[in-house]
2 protein chains.
Amino acid sequence: MPFQIPDSLILPALIERPFSMHYDFSDDDAARYRLDEQVGFLLRKASQRHLSIFSQNLSALTATQFAALAKLCELGPTSQNALGRATAMDAATIKGVADRLRARDLVTAEPDPVDRRRHYLIPTEAGRALYAELAGSALKISTETLAPLSDKERETLLSLLAKMG
Amino acid sequence: MPFQIPDSLILPALIERPFSMHYDFSDDDAARYRLDEQVGFLLRKASQRHLSIFSQNLSALTATQFAALAKLCELGPTSQNALGRATAMDAATIKGVADRLRARDLVTAEPDPVDRRRHYLIPTEAGRALYAELAGSALKISTETLAPLSDKERETLLSLLAKMG
DNA sequence: TCAATACCATTTGTGTACCAACGAATGTGA
DNA sequence: TCACATTCGTTGGTACACAAATGGTATTGA
């Protein structure tokens with residue numbers, strides 16, 4: 001099943017038209033375009049599936065909040081923006097996530113004595129306890145997300161996703 | 001600069017507990033959990049990469065808006081919720097997307113004469129023209145998103161993502 | 001040393017994404 | 001035919017996600 005249309009199939013039809021009309025070039029592309037075969041759409045659906053499984057198995061935190069808490073527990077005291085970089089969230093996003101974690105006393109903020117722009121985020125005891133409590137579920141969620149795939153396929157998928165950056 | 005704190009720094013404190021306490025089982029999971037290896041995180045990062053490439057190459061519409069317009073052009077007149085199902089958006093989400101497409105006169109709505117709850121969404125001439133104009137860029141975006149992978153790897157990734165549903 | 005630059009956290013605004021609830025309309029089975 | 005369930009579109013609320021702008025603060029390099 002050819003998932004990818006090679007250039008050789010795309011270009012000729014465009015070239016052999018004697019006259020260029022309004023949407024000729026694009027009409028061909030439009031006819032060839034199938035939403036359901038595009039990476040972006042498949043990635044979005046896979047993410048949706050994952051998030052659905054996540055919220056069903058772990059309702060205490062959102063996936064994003066858990067990611068931030070987990071990374072913070074892994075790294076120890078970290079500035080807010082640095083935590084954002086480590087969890088692939090921009091400054092505005094990590095702020096909201098950190099605020100919600102702080103509102104629930106899972107994380108505290110301490111001013112950095114050296115750099116007055118920064119404040120460290122630090123997991124509280126409750127935060128570490130919750131992380132420890134939920135890590136098992138999180139691992140199970142990853143497994144369940146990959147359930148439709150064989151062991152070898154799971155490995156392959158993870159390495160290809162990692163390769164994509 | 002060590003980005004990742006090795007197990008040797010995390011585990012000992014947890015292991016040397018003589019008696020099993022509250023989170024012992026989960027502590028192990030917590031030590032084993034690596035955010036950067038979880039499907040959900042890799043999917044989110046891959047989606048981010050895709051959306052970044054999308055907006056750089058196609059600024060006229062968001063990826064979601066383009067998906068809805070493309071599907072609508074593919075299907076022809078479709079009820080709003082049905083379009084949502086075809087594009088993996090729930091009723092609330094597709095409403096917002098449809099509203100924005102209608103505000104830009106890329107889509108119109110016609111009442112369904114048979115079912116008075118429904119209204120059909122129909123791409124306008126401008127909508128079809130824009131889709132035709134942008135489909136080529138959309139295909140290019142998919143290719144560029146997959147650029148880090150070989151041809152065989154791209155096929156594999158797409159089929160695995162499709163298999164995950 | 002001081003001006004240009006970079007970084008930190010924050011704010012505002014827009015756009016997904018999903019839940020829960022709603023009224024209106026349709027479909028179903030006894 | 002009539003109660004019941006389902007579907008349609010909508011609304012309100014919360015939570016990411018990112019762009020762009022801002023005011024502090026640090027770094028740098030001439």
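Convention: sequence-line order gives letters A, B, ...; per-chain numbering from 1.
- Straight-line distance from the CG atom of B/Asp90 to the P atom of D/dA15: 17 Å, rounded to whole Å.
- The main-chain N or O of B/Gln48 is never found under 3.5 Å from a side-chain atom of B/Ser52 such that the two would form a donor-acceptor pair.
- One interatomic measurement links the two molecules: CE of A/Met89 to C1' of D/dA15, which rounds to 12 Å at whole-angstrom precision.
- Side-chain nitrogen and oxygen atoms of B/Thr64 include at least one within less than 4.0 Å of the OP1 or OP2 phosphate oxygen of C/dA17.
- For D/dC16, neither phosphate oxygen OP1 nor OP2 lies less than 4.0 angstrom from any side-chain nitrogen or oxygen of B/Gln48.
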Could you list the protein-to-nucleotides 1-3 of chain D atom pairs, N/O on both sides, closer than 3.5 Å?
none

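- Without hydrogens or angle criteria, A/Arg154 side chain to A/Leu146 main chain gives a donor-acceptor distance under 3.5 Å.
- Put simply, CZ on A/Phe41 is 10 Å from P on C/dA17, counting in whole angstrom units.
- Taking the six-membered ring where tryptophan is involved, the planes of B/Tyr131 and B/Phe66 are tilted, since the angle between them lies from 30° to 60°.
- Between A/Ser52 and the phosphate of C/dC18, there is no side-chain N or O to OP1/OP2 separation shorter than 4.0 Å.
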Could you pull out the protein-nucleic contacts involving nucleotides 7-9 of chain D (nitrogen or oxygen on both sides, under 3.5 Å)?
residue	atom	partner	partner atom	Å
D/dT7	O2	B/Arg117	NH1	2.3
D/dC8	OP2	B/Arg85	NH1	3.1
D/dG9	OP1	B/Gln80	N	3.4
D/dG9	OP1	B/His119	N	3.3
D/dG9	OP1	B/His119	O	3.4
D/dG9	OP2	B/Asn81	N	2.7
D/dG9	OP2	B/Asn81	OD1	3.3
D/dG9	OP2	B/Asn81	ND2	3.4

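- A salt bridge links B/Glu74 and B/Lys71; the closest N-O separation between the charged side-chain nitrogens and carboxylate oxygens is under 4.0 Å.
- By the 4.0 Å N-to-carboxylate-O rule, B/Asp99 lies close enough to B/Lys95 to be salt-bridged with it.
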Please tabulate, one pair per line, all N/O donor-acceptor pairs under 3.5 Å involving side-chain atoms of residues 155-165 of chain A, not counting sequence neighbours.
residue	atom	partner	partner atom	Å
A/Thr156	OG1	A/Lys152	O	2.9
A/Ser159	OG	A/Thr156	O	3.0
A/Lys163	NZ	B/Glu153	OE1	3.2
A/Lys163	NZ	B/Glu153	OE2	2.8

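- Among residues at least two apart or in separate chains, side-chain hydrogen bond (donor to acceptor under 3.5 Å, both in side chains) pairs with a member in residues 57-66 of chain A are A/Asn57-A/Lys140.
- When atom types are taken as modelled, the side chain of B/Thr145 and the backbone of B/His50 share no donor-acceptor pair closer than 3.5 angstrom.
- If you take CG of B/Leu83 and C1' of C/dA17, they are 16 Å apart, rounded to a whole angstrom.
- Straight-line distance from the CZ atom of B/Arg49 to the P atom of D/dA17: 18 Å, rounded to whole Å.
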Exercise. So A/Asp115 and A/Arg117, salt bridge (charged side-chain N to carboxylate O under 4.0 Å, His left out) or not? Walk me through it.
Worked result: CA-CA 5 Å; A/Asp115 186 336; A/Arg117 294 172 302 178; 2.8 Å; yes
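- Side-chain atoms of A/Thr108 and A/Arg102, non-hydrogen and from C-beta on, never get closer than 4.5 Å to each other.
- Here the P atom of nucleotide D/dC18 and the CD1 atom of A/Ile94 are 12 Å apart, to the nearest Å.
- A search for ring pair (Phe, Tyr, Trp, His ring centres under 6.0 Å) contacts involving A/Phe41 returns nothing, not counting sequence neighbours.
- Taking atom NE2 of B/His50 as the reference point, atom C1' of D/dA17 lies 14 Å away to the nearest angstrom.
- For the helix from C/dT1-D/dA30 to C/dA30-D/dT1, the angle separating the two terminal helix axes comes to 30°, with each axis derived from five pairs and the value rounded to 10°.
- No donor-acceptor pair closer than 3.5 Å links the side chain of A/Ser142 to the backbone N or O of B/Gln38.
- Annotation: of the two residues near DNA chain C, B/Ala63 and B/Val114, the 5′-most nearest-nucleotide partner is B/Ala63.
- In terms of phosphate contacts, A/Arg44 brings a side-chain nitrogen or oxygen within less than 4.0 Å of OP1 or OP2 of C/dA17.
- Checking the phosphate oxygens (OP1, OP2) of D/dA15, no side-chain nitrogen or oxygen of A/Thr62 falls inside 4.0 Å.
- At whole-Å resolution of the value, CG in A/Leu51 and C1' in D/dA17 are 13 Å apart.
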